[in-house]
Amino acid sequence: MDVVIAIARVYVWIVVGVMAIYALRHWGFTWNRLAMRQRPYYQDLIDEDLPGVTIVVPMHDEQTVVHAVLDALIACDYPRDRFEIIPIDDHSSDDTTTIVGAYSAAYPFIKPVYAVGGDRGKPAALDRVLPLAAHDIILVFDADYRPGKGLIRELVMGFVDPEVGAVMGRVVPRNANENFLTRMQAMERSGGYQVDQQARYNMNLIPQYGGTVGGFRRNVAMELGGFDPHALAEDTDLTIRLALAGWRVGYANRAECYEEAPAQWAVRFRQLRRWSRGHNRALGTYLFAMMRAEALTWQQRVDGVLLLFVYLVPAVLFTGFAANALLFFAGAIPVVPLLFFSFFVVSYSAFGNFGPAFEIAAAELLDGARERLLLLPYLFALFLFNGWAVSAGAMDAFGDFLKGRRAKWDRTQKIGTPRGVA
Amino acid sequence: MGWLEILAFALLLVLPAIPSMFELRNPQDDGKLAIADGYVRDPRFFGTSFRRMLAPFLQRAGDDAKFSTQTVWRDTEPVRFAPHLRVDDGERVRGVLIGDDVRIGDRAGIRDAFGRNHVAVADGAIVRTAASDGTLTVGSDVRVLRWVDAEGDCVVGERTVLGASASSAGLLELNAGVRFERVWGRPVLASTPNPIALPERPDAKRSIEESAVHEDVVEHRSIVFAAGARVNGSMKVYGDAFLEADVHVHGHLIAQGDIYLGPGVRIDGNVFAEGDVIFDDGAHVGNRGYKTVYCTGVAVLGNGANVDGWIVAEGGGSVA
């Protein structure tokens, strides 16, 4: 029993240390966003000689949303001779194929790709389209997204920077008012983009390419080996591979785009679980390479390592709670030395999830929030839910590693809105 | 632990959630974050939207020789049309002035002026906005409170302050001492007898002496390009970029510090600085269509500095 208690004691200290590191990280980000100089993105550049761009929209059974995203892309302000849209109809069994075909007949710059065999899922779809794209810049939008008229130009301008291998815009839920879950997700999104991503961009760290409302250089993606069809977080995968190869991700906080946030708990749970599974797989694949990366500064390596671990943190925290409970019931809890660190732990974990409460509050203030700040205490409920889903995903990844099994892509279900409704 | 303590603990736990319940039951602030879906960056936005607002009056100006009416855009303001509209020296006029040719006298003060052929703002005047479908002449020591825009060429006299924006579909000539925030012209051309204050040559770790570099250049500190060097690619510099005379960059130039463009330097692409941008005499930006010079610091233009497109100086711009 003494050995178990000793191990639990050490583990609790490790968990406290990890929480303190993450709390400090997010304090740093929040402070940077509120009080430090902000780095501009390149959206203020206007250039008559725009590069060619291929816009890729992976879709599987998206008949409820396909009209909206294609209509929005058609309305975009970009020279038509330097612009193509590739909807990837990924094994759809509903009317998506027919709808995409009709658009393709009406607009010559819409060049659909129909995937009927082979692997299914977004990474496989992207990998399939890499050699087919006519242009070197590829932007990706999920089918439930609604890009604004000027968004393509704003994102593309990031590639004037010869170091930028990928760019990322800001995702904004358009159904924030649908229910409690979507309201809370809107707050999470705000924290993640308005503070977290922008601060990392400000600090020359590693902003994350998020796989949608963003894009990358086709040639670079191909040189890095394309997309693994069995990856579940191809965005994290690409972010890390770009960083390791010395490329940067440009973050455009003002290049905002609406998405449809999952409105059902079960759908959100599956989405988070998939993200976590894919992200933790990336952790296993790239951790040591990230720690040794010569193309990165030490600050970038630290940020990269913390980014890779982020979907493991809830599992670490929950097991830390369990170890603490064990110590408590064994009468061995080290209360006094823990007091100092408890402040960090509470700040980060009590109401935190992907962004701690103070970070989300700062983001919401920057976004001009008023009464919605009152909802911050409910982040605790979301933390438990997110932690559960993310921990389940971490366990899946661990299982994948042990059994050498390949994950299957699980599409996030979208409800959509009737055509013409904003 | 007694019941009282447990009750107090539970109350403290629930307390922060009580105001939240009101917001959940009766949402006051649950809207999506507003995104301007139709927004497209337009350096002549002010002029374009002003013309749209004026459209009904311009149509009437086609029918009537002269008229006065009112507009209720924000306040009720008089609208005056005359083919040859004059504001006398020192006169103060409210409202919107429309004419084929509009002349604002010395030290006059007006709000909005629009000319179908030409607008001339004389020395020392104060103008809220001025737009012309033809040419626009802004005298010396004029104060523009908001913006000016011209379909034709626009010449701005010495020491004039150009407000938030000055734009021209043709040449925009800025004379000595002009101050600005955002200027657009095809091209923007500085004309001044004054020399610029030469910035200090950075203590750069790297200096490009080669006659030609055939790739993109990324430098993690400051960099100096020796006179006459050519870069057949784009440049990204984490510190300052100091380009001596006649350097030619065929791509874009990006710096997280200051940028100095020496005499006769040519940049074909865009210029982006997270510091200041100093144009020495004859430095030129733009090739293959319009480009942008953007800086978070100040922009200073020397004689003959020439930008085909847009200059955005978040910290303010000026002509030497």
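Source: prediction; values computed, not measured. Letters A, B, ... mirror the listed sequences (proteins, then strands); counts begin at 1.
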* Among B:N270, B:V271, B:V217, which has the most heavy-atom pairs under 4.5 Å with chain A? ->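 If we count pairs closer than 4.5 Å to chain A, B:N270 comes out on top.
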* Mind ranking B:E274, B:H220, B:M21 by heavy-atom pairs under 4.5 Å with chain A and telling me who comes out on top? =>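 With the most close heavy-atom pairs to chain A, the winner is B:E274.
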Before accepting this row, confirm whether a basic side-chain N of the pair [X]/[Y] lies closer than 4.0 Å to the acidic partner's carboxylate O.
X: A:E48; Y: B:K291; result: no
X: A:R372; Y: B:E23; result: no
X: B:K32; Y: A:E256; result: no
X: A:D44; Y: B:R41; result: yes

Calculate, to the nearest 0.5 Å, the distance between atoms [atom1] and [atom2] belonging to [X] and [Y] respectively.
X: B:F22; Y: A:L374; atom1: CZ; atom2: CG; answer: 10.5 Å
X: B:R288; Y: A:L50; atom1: CZ; atom2: CG; answer: 11.5 Å
X: A:N179; Y: B:D30; atom1: CG; atom2: CG; answer: 11.0 Å
X: A:I46; Y: B:D42; atom1: CD1; atom2: CG; answer: 7.5 Å

* To do: Check the pair A:Y258, B:I35 against side chain to side chain contact (heavy atoms under 4.5 Å, CB included), reporting the backbone distance first and the verdict last.
  => CA-CA 8 Å; A:Y258 285 129; B:I35 299 175; 3.6 Å; yes
* **Nearest heavy-atom neighbours spanning B:A17 and A:Y378** =>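 That closest heavy-atom pairing would be O-OH, 3.5 Å.
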* For B:L24 and A:F180, which heavy atoms make the closest approach, and how far apart are they? ->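 Nearest heavy atoms, B:L24 then A:F180: CD2-CD1, 3.7 Å.
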Relative to chain B, which of [options] shows the most heavy atom pairs under 4.5 Å?
options: A:N175, A:D161, A:D367, A:L373; result: A:D161
options: A:A176, A:G150, A:G148, A:P162; result: A:P162
options: A:R254, A:E154, A:K149; result: A:K149
options: A:M157, A:R37, A:R153, A:R183; result: A:R183

Could you look at [X] and say if it's the side chain, the backbone, both or neither that has a heavy atom under 4.5 Å from chain B?
X: A:A369; result: both
X: A:P40; result: both
X: A:V160; result: both
X: A:C76; result: neither
X: A:D49; result: both
X: A:R248; result: side chain

* Asked: Going by heavy atoms in the side chains, are A:D47 and B:Y290 under 4.5 Å from each other?
  ->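 No; the side chains remain at least 4.5 Å from each other.
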* Asked: When you look at B:H252 and A:F159, which way does the side chain to side chain contact (heavy atoms under 4.5 Å, CB included) test go after all the steps?
  -> CA-CA 10 Å; B:H252 310 289; A:F159 291 101; over 6 Å; no
Part of [X] within contact of chain A (heavy atom distance under 4.5 Å):
X: B:M235; value: backbone
X: B:I254; value: side chain
X: B:S234; value: both
X: B:V293; value: neither

* Would you check if there is a donor-acceptor pair between the side chains of A:Q43 and B:Y294 at a distance under 3.5 Å? =>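 The criterion, which ignores hydrogens and geometry beyond distance, is not satisfied for A:Q43 and B:Y294.
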